[in-house]
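Please read these numbers as outputs of a predicted model, since none were measured by experiment. All ligand and atom numbering here is 1-based and tracks the order in the structure. Quick note: numbers below take in every heavy atom, side chains included, and nothing from hydrogens, waters or symmetry partners.
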Amino acid sequence: MDLGIKGRSAIVCAASKGLGRGSALALAREGVAVTINARRADALEATAAAIRKETGVKVTAVAGDITTEAGRAAVLAACPVPDILVTNAGGPPSGDFRAWSREDWLKALDASMLAPIALMKATIDGMIDRRWGRVVNITSGSVKNPYPTLGLSNGARAGLTGFVAGLARQVVKHGVTINNLLPGSHETDRLHQLAEAEAKAAGKTVEAVLEANKAYETAGRYGTAEEFGAACAFLCSAHTGFITGQNLLLDGGAYPGTL
Ligand code: NAP
């Protein structure tokens with residue numbers, strides 16, 4: 001299927017690794033020029049080179065922290081007129097809510113709620129003027145199925161989800177859609193980091209925790225960044241102008257609800 005977005009431009013945040021990288025690669029495979037971002041320049045440049053080599057599209061790498069104004073300004077300066085915006089950042093740490101300070105909450109809100117909102121604020125009016133735009137926010141399965149140890153994520157992402165539910169309905173008549181993709185367990189560094197914390201608390205090895213958790217996955221496996229990216233590219237395609245305000249779980253059926 002031709003996604004109909006060849007020649008478009010995209011900002012993909014937090015994309016040197018994992019789900020952001022998978023999304024940037026899938027868009028680049030469709031002929032979209034991508035501006036990718038992450039804090040560490042070396043890993044980001046390596047990813048940019050790999051995407052360029054595989055797809056031949058223009059890939060611009062902008063190192064910086066997307067949760068800061070300066071980081072966002074640098075990304076927007078490199079791609080001032082994006083057709084597509086994929087918001088993403090590192091996930092908050094796991095733990096017990098009794099241990100989290102106001103600072104911890106503000107960091108989580110900055111990364112998982114306020115940075116995506118600031119990026120939408122900076123780009124959506126241009127999309128409206130051009131009568132076409134696609135925004136995909138990478139959130140988490142925790143929005144529908146809260147994980148007890150991920151309270152910072154459960155709380156902050158719920159705020160973004162509520163905001164998007166309203167904004168998506170305001171802009172769709174101008175050809176701009178906004179949807180959230182909710183990853184379940186995908187085999188990325190983030191999954192390994194969470195497994196490390198679990199292994200430490202339980203006195204097990206990371207490998208043992210990952211194997212044990214995999215057994216609980218409905219699909220019998222973890223998701224991949226590549227299949228996540230393909231779903232993201234589809235939501236950014238020419239064919240999805242009537243899909244908006246949705247929260248799409250990519251979790252291999254892990255969420256047990258009928259709806
Ligand atoms: P990952 O493999 O650890 O990759 C994270 C990427 O984000 C890296 O490129 C990292 O590069 C970049 N990054 C982190 N903080 C950043 C910041 N402040 N500014 C710019 N770039 C930043 O993580 P992932 O698994 O792809 O997860 C992506 C998002 O999905 C996270 O919010 C995570 O909580 C959420 N999620 C993931 C899963 C899963 O199973 N993987 C499940 C549910 C939700 P630098 O470190 O160099 O900045």
remark   = Ranked by distance from atom 22 (C) of ligand 1, the top protein heavy atom is Ala14 CB, 3.7 Å
ask   = Nearest protein heavy-atom contact for atom 19 (N) of ligand 1: which residue, which atom, what distance?
value = Ile66 N, 2.9 Å
key: Proximal atoms of ligand 1 relative to Gly64 (non-hydrogen, under 4.0 Å)   = 19 (N), 20 (C)
request  = State whether the side chain of Asp110 and the backbone N or O of Thr68 hold a donor-acceptor pair below 3.5 Å, judged by distance alone.
outcome  = no
ask   = To which protein heavy atom is atom 46 (O) of ligand 1 closest, and what is the distance rounded to 0.1 Å?
value = Arg40 NH2, 2.4 Å
request  = Using a strict 4.0 Å cut-off to heavy atoms of Ile138, name the atoms of ligand 1 that fall inside it.
outcome  = 30 (O)
message = Between Gln246 and Thr244 (side chain of the first, backbone of the second, donor and acceptor by atom type, cut-off under 3.5 Å), is there such a pair?
response = yes
query = Side-chain contact, heavy-atom cut-off 4.5 Å: Glu54 with Arg29?
reply = yes
query = For ligand 1, which atoms have a heavy atom of Gly18 less than 4.0 angstrom away?
reply = 2 (O), 26 (O)
key: Side-chain (Arg72) to main-chain (Ile66) donor-acceptor, under 3.5 angstrom   = yes
note = Note: ligand 1 atoms sitting under 4.0 Å from heavy atoms of Ala89 are 29 (C), 31 (C), 32 (O)
Those atoms of ligand 1 less than 4.0 Å from some heavy atom in Ser185 = 40 (O)
remark   = If you scan protein heavy atoms around atom 16 (C) of ligand 1, the nearest is Arg39 NE, 3.5 Å
ask   = atom 25 (O) of ligand 1: which protein heavy atom is closest, and how many Å away?
value = Thr188 OG1, 2.4 Å
message = Can you see whether Thr240 engages Arg134 through a side-chain donor-acceptor pair at a distance of less than 3.5 angstrom?
response = yes
key: Closest non-hydrogen atom pair between Pro92 and Leu152, with its separation   = CB-CB, 3.7 Å
key: For atom 11 (O) of ligand 1, the protein heavy atom that lies nearest, with its residue and separation   = Ser16 OG, 3.4 Å
query = Which of the atoms of ligand 1 are close to Thr67, meaning less than 4.0 Å from one of its heavy atoms?
reply = 18 (N)
contact_flag Leu44 ligand 1 heavy-atom lt 4.0 Å = no
message = Could you check whether any side-chain heavy atom of Met127 comes within less than 4.5 Å of a side-chain heavy atom of Val171, counting everything from C-beta outward?
response = no
ask   = Between the candidates Pro183, Gly184, Gly71, which shows the shortest non-hydrogen contact distance to atom 44 (C) of ligand 1?
value = Pro183
request  = Using a 4.5 Å cut-off on heavy atoms from C-beta on, say whether the side chain of Leu19 contacts that of Arg190.
outcome  = no
task = Give the atoms of ligand 1, by number and element, whose distance to some non-hydrogen atom of Ser140 is under 4.0 Å.
result = 43 (C), 44 (C)
query = Out of Ser153, Gly22, Gly90, who gets a non-hydrogen atom closest to atom 15 (N) of ligand 1?
reply = Gly90
key: Mode of Arg157 contact toward ligand 1 - side chain, backbone, both, neither (heavy atoms, under 4.0 Å)   = side chain
request  = Tell me which part of Asn88 gets within contact of ligand 1: side chain, backbone, both or neither, using heavy atoms under 4.0 Å.
outcome  = side chain
message = For ligand 1 and Lys17, I'd like to know whether there is a polar contact (N/O to N/O, distance under 3.5 Å).
response = yes
query = Side chains of Ile178 and Leu167: closer than 4.5 Å at any heavy-atom pair?
reply = yes
key: Heavy-atom nearest neighbour in the protein, as seen from atom 18 (N) of ligand 1, with distance rounded to 0.1 Å   = Asp65 OD1, 2.8 Å
request  = Give the residue, atom name and distance (to 0.1 Å) of the protein heavy atom nearest atom 3 (O) of ligand 1.
outcome  = Arg190 N, 3.4 Å
note = Note: ligand 1 atoms sitting under 4.0 Å from heavy atoms of Asp189 are 2 (O), 3 (O)
Flag, side chain of Thr67 to backbone of Ala111, donor-acceptor distance under 3.5 Å = no
request  = Taking the side chain as every heavy atom from C-beta outward, state whether Leu27 and Val12 have any atom pair closer than 4.5 Å.
outcome  = yes
query = Any link between Leu3 and Leu25 through a network of hydrophobic side chains (Ile, Leu, Val, Met, Phe, Trp, Tyr) touching at under 4.5 Å?
reply = yes
inquiry  = Is there a continuous path of hydrophobic side-chain contacts, each under 4.5 Å between heavy atoms, that joins Leu235 to Leu182?
reply    = no
message = Under 3.5 Å between any N/O of Pro92 and any N/O of ligand 1: does that happen in this structure?
response = no
ask   = Is there a side-chain contact between Met1 and His239 (heavy atoms, below 4.5 Å)?
value = yes
